[in-house]
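In each ligand, atom 1 is the first atom listed, and ligand 1 is the first ligand listed.
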Amino acid sequence: MNKQPIGIFDSGVGGTSIWKEINMLLPHEDTIYLADSANAPYGTKGKEAIINLSIKNTEYLINEGCKLIVVACNTATTNAISILREAYNIPFIGIEPAIKPAALNTQTKAVGILATQGTLSSELFHKTTDLFASNIKVIERIGEGMVELIESGQLYSEDMKALLKLYLQPMIDANIDYLVLGCTHYPYLIPLLVELLPKHVKIIDSGEAVARQTRSVLQLNGLLNPQKTTPKNEFFTNGNPEVMAALLENKFEVEYLDF
Ligand code: DGL
């Protein structure tokens, strides 16, 4: 089993930001990445639909023999991971907005969070916020339209800039000193965010923590791949392979797959 690949899925191309962290920390693991771009965005869908899509992706990866699945999508994690863990007998790693470190470290007692509607309205997100951020100001903003622009390859477009300006202004007005990225598509926007935010605002996302958690769960279950050779990394999308290949700096082949 330890020689089997790690499965990773997202509603689209955003989870490649997590794949990069995992590949950096675990460079000898084989991986299969599944981008459900044909159904992106998940963030505007209801809980039931998000659960069904997450099950579809999970079953594909399990049929491919994956030993562990990383749900590289905040929206799918916050809405569906408990159901997946109950239904399938392999470990699942999820990703949630890093609200805890932001709340613990803020000096201005105000933090911003940018995420999808599906994540911000989830029970899991509310629980975490109540637990760690009840004594500070949390300025939430749905990143409406942002995933769609990234999925169509318009990362650094004028439209993206205009949306970000609109979404960040109330946070800047509230004097945030941390911005939490609650969607795996958003780390690709960091260069733009740095340009638009005041210098003292720190941007945090959960990618590195997810990679560390993946390593420790593999270790704990005796599932680390002992191979020291170059791994097999496969990328599949039911959307446009070119958009995804570009985010992977055209270093990997991305295959179209109707799943
Ligand atoms: N990348 C996703 C997330 O982390 C989902 C975005 C979407 O499909 O709405 O939430």
Side-chain angles (χ1 to χ4, degrees), residues 7-22 33-58 61 69-84 92-99 102 112-126 128-129 140-155 160 163-164 167 179-190 193 203-211 213-214 235-240 243-244 247-248 259:
I8 302 169
F9 79 81
D10 179 32
S11 65
V13 297
T16 53
S17 64
I18 308 302
W19 177 86
K20 288 177 187 177
E21 300 281 358
I22 292 171
Y33 183 97
L34 209 54
D36 194 13
S37 294
N39 292 301
Y42 281 12
T44 51
K45 294 182 166 59
K47 190 177 169 78
E48 198 66 25
I50 298 168
I51 290 171
N52 289 335
L53 291 167
S54 301
I55 288 174
K56 168 186 72 93
N57 301 333
T58 297
L61 293 170
I69 291 180
V70 178
V71 182
C73 174
N74 292 260
T75 313
T77 299
T78 51
N79 286 278
I81 203 164
S82 57
I83 309 245
L84 299 177
F92 285 86
I93 309 293
I95 181 160
E96 285 177 64
I99 199 89
I113 164 146
L114 204 52
T116 70
Q117 185 183 348
T119 295
L120 293 176
S121 64
S122 71
E123 219 176 289
L124 195 59
F125 176 73
H126 285 138
T128 316
T129 313
E140 298 174 14
R141 188 71 217 216
I142 297 170
E144 231 179 300
M146 288 166 57
V147 166
E148 288 90 330
L149 285 175
I150 297 170
E151 287 291 326
S152 62
Q154 299 174 67
L155 210 54
M160 181 66 84
L163 284 183
L164 284 178
Y167 300 158
L179 172 65
V180 178
L181 302 185
C183 172
T184 56
H185 283 68
Y186 301 166
Y188 285 113
L189 300 172
I190 289 175
L193 290 166
I203 301 168
I204 46 174
D205 72 87
S206 321
E208 206 190 319
V210 169
Q213 178 70 357
T214 303
F235 297 91
F236 299 105
T237 177
N238 53 13
N240 182 349
V243 171
M244 190 149 133
L247 292 178
L248 295 164
F259 59 94

**Prompt:** Heavy-atom distance under 4.5 Å between the side chains of L164 and M146, does that happen here?
**Reply:** yes
**Request:** Compare all side-chain heavy atoms of I150 with those of M160 and state whether any distance is below 4.5 angstrom.
**Result:** yes
**Request:** Using the side-chain hydrogen bond (donor to acceptor under 3.5 Å, both in side chains) rule, collect all pairs that involve residues 9-22, keeping only residues at least two apart or in two chains.
**Result:** T16-Y188, W19-T31, K20-Y188, K20-E249
**Asked** Heavy atoms under 4.0 Å from ligand 1: which residues qualify?
**Response** D10, S11, P41, Y42, G43, C73, N74, T75, T116, V147, C183, T184, H185
**Partner residues of L124 under the side chain to side chain contact (heavy atoms under 4.5 Å, CB included) criterion, sequence neighbours left out** = T78, E96, S122
Per-pair distances, 0.1 Å, donor-acceptor, side chain in residues 69-76, under 3.5 Å, sequence neighbours excluded:
from : atom 1 : to   : atom 2 : distance (Å)
N74  : ND2    : G182 : O      : 3.3
T75  : OG1    : T116 : OG1    : 2.8
T75  : OG1    : T119 : OG1    : 3.4

**Side-chain donor-acceptor contact under 3.5 Å, Y42 with N79** = no
